[in-house]
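Everything numeric in this text was worked out from a predicted model, so none of it was measured. The analysis underlying the following values was restricted to heavy atoms, covering all of them including side chains, and did not include hydrogens, waters or symmetry mates. Chain naming here is simple, since letters A, B, ... match the order of the sequence lines and numbering starts at 1 in each.
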Amino acid sequence: AQTVTQSQPEMSVQEAETVTLSCTYDTSESDYYLFWYKQPPSRQMILVIRQEAYKQQNATENRFSVNFQKAAKSFSLKISDSQLGDAAMYFCAYEVGSRLTFGEGTQLTVNP
Amino acid sequence: GAGVSQSPRYKVAKRGQDVALRCDPISGHVSLFWYQQALGQGPEFLTYFQNEAQLDKSGLPSDRFFAERPEGSVSTLKIQRTQQEDSAVYLCASSLGHRGYGYTFGSGTRLTVV
């Protein structure tokens, strides 16, 4: 079975500090894409960052970066200079074919 | 439109009622997806359309669930004879059809079956 595991149900960070959210996945596919999505209380899933599995270079998007370890099937998200607006549920996901498989999410709290 | 629009935002149904949930994707997006998100869980795939063709419906949990996209734009997810376990947020997403670029999601419909 193809699965995504987020081992941290909840995380908290002080404003302006750095936090890392963990994600591991299990797939037998070689061609796939990885994503982090953010879901605020409005429920809309917002794409934060994406990574092609065939690229070794870690993706970066402003304050957001990933640590992609393909052999270990690990895909963690680092948020630098955390802001109050970063507070949300964060989901890790991978895409195989035309289907996203999501983890169970990590609830991030940002403390002022 | 500027984003993916879903309606209604909330729906309360009595057990046994039929419901219809609407998704209006971004104009020009050929791919459309439905996901079901139970409380405290990540979204789970239900079905996928490319234009009007339903290419994958393997995630639909039972034959009470039916989705259509007759003209390749607006899609409707229908649930017949609703049951309490159908209570969830139903998310719709659309994309241009190119893999790896992620999807644009709507804000979902929260269905509560009482």
Novice: Give, as side chain, backbone, both or neither, the part of Y35(B) having an atom under 4.5 angstrom from any heavy atom of chain A.
Specialist: side chain
Novice: Regarding R43(A) and the six-membered ring of Y10(B), is the cationic atom NZ or CZ under 6.0 Å from the ring centre and inside 45° of its axis?
Specialist: yes
Novice: Grouping I, L, V, M, F, W and Y whenever their side-chain heavy atoms are under 4.5 Å apart, do Y94(A) and F102(A) come out in a common cluster?
Specialist: no
Novice: Side chain, backbone, both or neither: which part of Q51(A) has a non-hydrogen atom closer than 4.5 Å to chain B?
Specialist: neither
Novice: G42(B) and F91(A): which non-hydrogen atoms are nearest, and at how many Å?
Specialist: CA-CE2, 3.4 Å
Novice: Out of G105(A), S98(A), C92(A), return the one with the most heavy atom pairs under 4.5 angstrom to chain B.
Specialist: S98(A)
Novice: Give the minimum heavy-atom separation between S42(A) and R9(B), together with the two atoms involved.
Specialist: O-NH2, 3.1 Å
Novice: Counting only heavy atoms not in L39(B) (residues, nucleotides, ligands), do more than 12 fall under 6.0 Å from its CG?
Specialist: no
Novice: Find the one option among A93(B), G40(B), P43(B) whose heavy-atom pairs under 4.5 Å with chain A are most numerous.
Specialist: P43(B)
Novice: To the nearest 0.5 angstrom, please state how far the CG atom of L91(B) sits from the CG atom of L100(A).
Specialist: 11.5 Å
Novice: For the atom pair CD (Q37(B)) and CE (M89(A)), what is the distance rounded to the nearest 0.5 Å?
Specialist: 8.0 Å
Novice: Counting heavy atoms not belonging to Q44(A), are there more than 12 under 6.0 Å from its CD?
Specialist: yes
Novice: Between S58(B) and R99(A), is there a side-chain heavy-atom distance shorter than 4.5 Å?
Specialist: yes
Novice: Kindly say whether the aromatic ring centers of Y37(A) and F105(B) come within a distance under 6.0 Å.
Specialist: yes
Novice: Does a sphere of radius 6.0 Å around CZ in R63(A) hold more than 12 heavy atoms from other residues, nucleotides or ligands, not counting ones at 6.0 Å or beyond?
Specialist: yes
Novice: Decide if atom CD of Q57(A) counts as having more than 12 heavy atoms of other residues, nucleotides or ligands within a radius under 6.0 Å.
Specialist: no
Novice: Measure the spacing between OG of S107(B) and CE of M45(A) and express it to the nearest 0.5 Å.
Specialist: 11.5 Å
Novice: Kindly work out whether a path of hydrophobic side-chain contacts (I/L/V/M/F/W/Y, heavy atoms less than 4.5 Å apart) joins Y32(A) to Y103(B).
Specialist: no
Novice: Should L108(A) and L47(A) be counted in the same cluster of Ile, Leu, Val, Met, Phe, Trp and Tyr side chains packed under 4.5 Å apart?
Specialist: no
Novice: Non-hydrogen atoms of chain A under 4.5 Å away: do they reach the side chain of T47(B), the backbone, both or neither?
Specialist: neither
Novice: State yes or no: do Y90(A) and Y25(A) share one hydrophobic cluster built from I, L, V, M, F, W and Y residues joined by side-chain heavy-atom distances below 4.5 Å, directly or via other members?
Specialist: yes
Novice: Around atom NZ of K70(A), are there more than 12 heavy atoms of other residues, nucleotides or ligands at under 6.0 Å?
Specialist: yes
Novice: Are L21(B) and F66(B) joined in one hydrophobic group, where the rule is that I, L, V, M, F, W and Y side chains link up if heavy atoms are under 4.5 Å apart?
Specialist: no
Novice: Can you tell which of R110(B), Q6(B), Q50(B) has the highest number of heavy-atom pairs within less than 4.5 Å of chain A?
Specialist: R110(B)
Novice: By a 4.5 Å heavy-atom criterion (distance strictly below it), what part of E104(A) contacts chain B: side chain, backbone, both, or neither?
Specialist: both
